[in-house]
Amino acid sequence: MPELPEVQTIVSELNRKLKNKTIKSAAVNEPKMVSLGPRTVSNRRSVPARDVKVFIGLLKGRIILSVKRRAKLLIFDLSGQLAILVHLKMTGQFIFEDKRLRLLTGGKYKMFNNPGAPLVQLPGKHTHVVLTFTDGSHLYFNDIRKFGYMKLVREDELGSVKELQGYGPEPLGKKFTFNVFQSILSQRPKGKIKQVLMDSSLVAGIGNIYSDEILFHAKIRPARAVAGLTEKDIKAVYKYIPFVLKKAIAAKGSSVGDFVRSDGSWGQMGKFHFVYGRKGQPCKICGTPIETVRMNGRTGSYCPSCQK
DNA sequence: TTCAATGTTTAGAC
DNA sequence: GGTCTAAACATTGA
């Protein structure tokens with residue numbers, strides 16, 4: 001899954017393809033991947049068949065007005081005061097297909113295609129929801145690990161639905177000023193800087209990859225405690241958050257080669273990684289082998305020479 | 001066979 | 001409440 005830059009890329013692509021399309025029908029192959037209303041997504045094992053029926057029934061005939069993003073959550077704005085919230089988690093993926101092209105976004109590309117390889121039949125083994133539009137095109141929602149979900153809500157529930165609450169500011173938004181960042185950090189003085197950056201209730205949308213990359217640029221090790229950072233350190237982190245995220249969006253994300261256009265082109269950001277996924281490989285700046293540190297079940301990668 | 005993987009949530013310990 | 005850890009969710013692939 002995608003972090004903020006990948007989700008943003010997916011949102012842009014889907015918006016282009018899906019805007020003003022009318023849903024002719026919806027099919028749900030895995031009931032636990034869909035839910036309704038303000039209820040939480042925990043305990044999704046037993047989604048009543050009735051809910052699935054309602055989900056399908058409500059989608060029929062809706063027009064997709066736009067696709068938006070909050071943190072790593074996608075929001076499909078539909079006609080009839082409805083919206084679909086979609087979280088892709090680690091391996092969620094959308095594939096849009098019409099007569100002319102197939103567009104893959106997110107997830108693990110190996111699931112379906114390598115560039116240049118013949119297209120695989122859809123829906124596939126891991127296709128959980130299919131939207132069919134009146135023009136004959138399709139949107140497939142795939143997820144190998146099934147951590148993701150689609151949740152149909154009324155527009156008036158958007159303000160109260162649990163999934164949209166408790167997010168910190170968007171790191172590319174106007175409200176994310178240096179003062180705001182400082183006060184966020186002051187809430188977690190004992191926290192490790194990488195974990196604070198990845199905490200979506202503090203700053204929205206930064207995950208494992210980009211927290212590593214941001215801290216590399218800022219020359220700060222991931223496990224450093226917030227309280228031990230100087231003002232200069234904090235300024236560097238603040239500076240490189242938008243720097244790294246914007247660069248990744250410009251490269252169309254694809255942190256781990258998970259984005260393929262119909263022509264087989266790839267998101268390019270993976271080429272620009274300095275530390276993520278480069279354990280043991282030489283630092284691109286100084287040649288020192290990249291090391292890792294385990295924190296809360298996540299791996300942080302850093303250069304022991306460049307980062308202090 | 002064992003481990004780690006782009007994320008989030010929850011439970012338990014101190 | 002703060003903070004930290006592990007586990008759960010499920011599958012793949014190295």
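The sequence lines fix the lettering, A, B, ..., with proteins before strands; numbering per chain opens at 1. These figures come from a predicted structure and were not determined experimentally.
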My understanding is that a hydrophobic cluster links ILVMFWY residues whose side chain heavy atoms are under 4.5 Å apart, including indirect links. Using that, what else belongs to the cluster containing A:I285?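 Besides A:I285, the hydrophobic cluster comprises A:F216, A:F274, A:V275, A:I290, listed by chain and residue number.
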Taking distance alone, no hydrogens or angles, what donor-acceptor pairs closer than 3.5 Å link side-chain atoms of residues 130-137 of chain A to residues at least two apart or in another chain?
from   : atom 1 : to     : atom 2 : distance (Å)
A:T132 : OG1    : A:H138 : ND1    : 3.0
A:D135 : OD1    : A:S137 : N      : 3.0
A:D135 : OD1    : A:S137 : OG     : 2.6
A:D135 : OD2    : A:K21  : NZ     : 2.7

Please classify the nucleic acid contact of [X] as base, sugar-phosphate, or nothing, using heavy-atom distances under 4.0 Å.
X      : result
A:R188 : sugar-phosphate
A:T299 : sugar-phosphate
A:N208 : sugar-phosphate
A:E30  : nothing

The side chain of A:Y276 lies closest to which of these nucleotides: B:dT8, C:dT12, B:dA5?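 Minimum distance to the A:Y276 side chain belongs to B:dA5.
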Closest approach to the side chain of A:I144, judged atom by atom: which nucleotide of B:dA5, C:dT3, C:dT11 is it?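 Minimum distance to the A:I144 side chain belongs to C:dT11.
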When the C1' atoms of B:dT1 and C:dC9 are compared, how many Å lie between them, rounded to an integer?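 The answer is 22 Å between these two C1' atoms.
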Taking the P atom of each, how far is B:dT8 from C:dT12, in whole Å?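 23 Å, rounded to whole Å.
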Pairs in or reaching into residues 53-76 of chain A: which pass ring pair (Phe, Tyr, Trp, His ring centres under 6.0 Å), with residues at least two apart or in two chains?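 Counting only pairs at least two positions apart or across chains, the ring pair (Phe, Tyr, Trp, His ring centres under 6.0 Å) contacts touching residues 53-76 of chain A are A:F76-A:F94.
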Strictly by ring pair (Phe, Tyr, Trp, His ring centres under 6.0 Å), give each pair with a member in residues 286-308 of chain A just once, sequence neighbours left out.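 Qualifying pairs: none.
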Tell me, which stems hold DNA chain B, with a stem being 3 or more Watson-Crick or G-U pairs in a row and both distances under 3.5 Å?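 Consecutive-pair runs (3 or more) involving DNA chain B: B:2-5 with C:11-14, B:7-14 with C:2-9.
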Could you tell me which residues satisfy salt bridge (charged side-chain N to carboxylate O under 4.0 Å, His left out) with A:E30, sequence neighbours excluded, listed by chain and number?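 Partners of A:E30 under the salt bridge (charged side-chain N to carboxylate O under 4.0 Å, His left out) test: A:K146.
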If only side-chain N and O atoms of A:K146 are considered, is one of them under 4.0 Å from the OP1 or OP2 phosphate oxygen of C:dT11?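 Yes, within the criterion.
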Hey, is A:F147 stacking on C:dA10? Ring centres under 5.5 Å, planes under 30°.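 Stacking is absent between C:dA10 and A:F147, given that the ring centres and planes do not meet under 5.5 Å and under 30°.
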